[in-house]
Student: 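The following block contains the structure, expressed as structure tokens.
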2 protein chains.
Amino acid sequence: MNSDTSLQSILTNPAHPPEISAKTCPLERLGRLLRGTWTLQVLWVLGEGRPLRFGDLRTVIEGISAKVLTERLRFMEHTGLIWRCHEEGVPPKVTYGLTEVGTELHDGLKRLGRITDKLPPE
Amino acid sequence: MNSDTSLQSILTNPAHPPEISAKTCPLERLGRLLRGTWTLQVLWVLGEGRPLRFGDLRTVIEGISAKVLTERLRFMEHTGLIWRCHEEGVPPKVTYGLTEVGTELHDGLKRLGRITDKLPPE
DNA sequence: CAGGATCCCCCCCGATACTG
DNA sequence: CAGTATCGGGGGGGATCCTG
């Protein structure tokens, strides 16, 4: 326990050139991965439940439009968070689910989400 | 290991009404908390380093404008992720740092950020 | 059923200029 | 130094209509 690490010392100590850089920030990619209003909710419902069809996702994620859902699904498939299973036939049947990485991300974020419980209500 | 949990079984089993809901999705608030292009980078530099002054943040987070930085800082202060320390005087001196919750979030996200290493390069 | 196409809007952000 | 004010652009999103 060094008193030099105290808040007052840190704030008043002039010898603190900021050596850290945001250039190698690993959170930047994570941010782009999760960009979009609905991405986290897609990750959530697929992670909590099971693989779902397009229509089910529309139902479960209340308020999302078909266009945006398609966009998000395409993007998340592209980045490797989800897979897409297309069964030919009439009517068509398309199912989406989390990849291994997607599942990891869901689990991690779920744990992280509990942190917000410590914050005052909005 | 039950074969009923296999992918084929899940996908072809019709008895799967989606009972999960996105209504209680705890990731929604997390998403709003981290919304904005620069929020994660602010969290990153403050979490990796030490409390920084406004000008230092502008320098370290390359490319951010004063306006957006101010917006993000105000918002993150409002949500309780960072604190703001204003020292009167000429020139003025304003320092920002992570709160306890902000630090927790940074640490969690940092661990989570490593998951993206498993994804193919963009 | 699972989308594609189109139009519009709003919010986030960038740039510039100015101030206590 | 640490912001504020203002203008303008772009992309994500909503609503509606259409299709394989």
Side-chain angles (χ1 to χ4, degrees), chain A residues 11-14 16-18 22 28 31-43 45-46 51-79 81-97, chain B residues 11-12 14 16-18 22 25 28 31-43 45-46 51-79 82-97 122:
Chain A
L11 292 182
T12 56
N13 188 345
H16 273 289
E28 202 190 341
R32 263 172 301 157
L33 225 57
L34 304 177
R35 155 181 42 182
T37 308
W38 302 97
T39 306
L40 283 178
Q41 291 201 44
V42 173
L43 197 69
V45 297
L46 288 182
L52 289 177
R53 297 177 60 178
F54 185 84
D56 293 332
L57 284 168
R58 273 195 77 175
T59 303
V60 171
I61 305 174
E62 217 164 320
I64 196 171
S65 68
K67 178 192 139 193
V68 174
L69 178 56
T70 302
E71 280 173 6
R72 286 302 102 191
L73 290 173
R74 291 281 187 279
F75 180 71
M76 294 172 76
E77 184 193 4
H78 177 74
T79 57
L81 294 185
I82 66 176
W83 47 256
R84 178 177 189 267
C85 176
H86 186 187
E87 278 183 67
E88 301 283 352
V90 179
K93 187 175 178 180
V94 182
T95 312
Y96 297 90
Chain B
L11 292 182
T12 57
H16 272 289
C25 174
E28 202 190 341
R32 263 172 307 166
L33 224 59
L34 303 177
R35 157 181 40 183
T37 308
W38 302 97
T39 306
L40 283 178
Q41 291 201 44
V42 173
L43 197 70
V45 298
L46 289 181
L52 289 177
R53 297 178 59 179
F54 185 84
D56 292 334
L57 284 168
R58 272 194 79 176
T59 303
V60 170
I61 305 176
E62 218 164 318
I64 198 171
S65 68
K67 179 191 136 195
V68 174
L69 179 55
T70 302
E71 280 174 5
R72 285 303 101 191
L73 290 173
R74 291 282 188 279
F75 180 72
M76 294 172 75
E77 183 193 4
H78 177 74
T79 57
I82 65 176
W83 46 257
R84 178 176 189 269
C85 175
H86 186 187
E87 279 183 65
E88 301 281 353
V90 180
K93 185 175 176 180
V94 182
T95 312
Y96 297 91
E122 325 183 53

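Each chain gets a letter, A, B and so on, in the order the sequences are listed, and its residues count up from 1.
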Student: Sequence neighbours left out, what passes side-chain contact (heavy atoms from CB on, under 4.5 Å) with Arg84(B)? Give chain and number order.
Tutor: Arg74(B), Glu77(B), His86(B), Val94(B), Tyr96(B)
Student: Please name the pair of heavy atoms, one in Arg35(A) and one in Phe75(A), separated by the smallest distance, quoted to 0.1 Å.
Tutor: NH2-CZ, 4.1 Å
Student: On the nucleotide dA2(D), are OP1 or OP2 found under 4.0 Å from the side-chain N or O atoms that Arg84(B) carries?
Tutor: no
Student: At 10 degrees resolution, what angle do the end axes of the helix from dC1(C)-dG20(D) to dG20(C)-dC1(D) form when each is taken over five base pairs?
Tutor: 50°
Student: Quickly work out the Glu88(B) CD to dA2(D) C1' distance and round it to whole Å.
Tutor: 12 Å
Student: What's the separation between atom CG in Leu69(B) and atom CD in Gln41(B), rounded to the nearest 0.5 Å?
Tutor: 11.0 Å
Student: Measure from CD1 on Ile64(B) to C1' on dG3(D) and round the result to the nearest Å.
Tutor: 13 Å
Student: From dG12(D), dG3(D), dA2(C), pick the nucleotide closest to the side chain of Arg35(A)?
Tutor: dG12(D)
Student: Just the rounded figure in Å: distance from C1' of dG20(D) to CD of Glu87(A).
Tutor: 17 Å
Student: Less than 4.5 Å apart, side chain to side chain, heavy atoms only: is that true for Pro92(A) and Phe54(A)?
Tutor: no
Student: Taking all non-hydrogen atoms of both residues into account, name the closest pair between Trp38(A) and Ile61(A) and its distance.
Tutor: CE3-CG2, 3.5 Å
Student: Set out, line by line, the N/O atom pairs under 3.5 Å between protein and nucleotides 5-10 of chain D.
Tutor:
none

Student: Using the side chain to side chain contact (heavy atoms under 4.5 Å, CB included) rule, pick out the option among Thr79(B), Leu43(B), Thr39(B) that qualifies with Leu33(B).
Tutor: Thr79(B)
Student: Looking at Arg53(A), does any N or O in its side chain come under 4.0 Å of the phosphate oxygens OP1/OP2 on dG3(C)?
Tutor: no
Student: For dC13(C) and Thr37(B) - does any side-chain N or O of the residue sit under 4.0 Å from the phosphate oxygens OP1/OP2?
Tutor: yes
Student: Hey, which sits more toward the 5' end of DNA chain C by its nearest nucleotide, Thr39(B) or Thr70(A)?
Tutor: Thr70(A)
Student: List the steps, then state whether side chain to side chain contact (heavy atoms under 4.5 Å, CB included) holds for Leu46(A) with Leu57(A).
Tutor: CA-CA 9 Å; Leu46(A) 288 182; Leu57(A) 284 168; 4.0 Å; yes
Student: What is the separation between atom CD on Glu71(A) and atom C1' on dA2(C), rounded to the nearest whole Å?
Tutor: 15 Å
Student: Quick one: Leu34(B) CG to dC12(C) P, roughly how many Å, whole number?
Tutor: 14 Å
Student: Could you state the atom-to-atom distance from NE2 of His86(B) to P of dG20(C) in whole Å?
Tutor: 14 Å
Student: If I take atom CG in residue Asp56(B) and atom C1' in nucleotide dC1(D), what distance separates them, rounded to the nearest angstrom?
Tutor: 11 Å
Student: Indicate the atoms forming the closest heavy-atom contact of Gly36(B) with Arg72(B), along with that distance.
Tutor: CA-NH1, 4.0 Å
Student: In terms of the nearest nucleotide of DNA chain D, which residue is placed more toward the 5' end: Arg72(A) or Pro92(A)?
Tutor: Arg72(A)
Student: For the atom pair OG1 (Thr70(A)) and CD1 (Ile64(A)), what is the distance rounded to the nearest 0.5 Å?
Tutor: 8.5 Å
Student: Does a nitrogen or oxygen in the side chain of Arg74(B) sit under 4.0 Å from OP1 or OP2 of dA2(D)?
Tutor: no
Student: For a side chain to side chain contact (heavy atoms under 4.5 Å, CB included) with Leu73(A), tell me which candidate from Val68(A), Val42(A), Leu81(A) qualifies.
Tutor: Val42(A)
Student: Hey, is the side chain of Arg58(A) poking within less than 4.0 Å of OP1 or OP2 on dC1(C), counting only N and O atoms?
Tutor: no
Student: Whole-Å distance between dC1(D) P and Leu52(B) CG?
Tutor: 15 Å
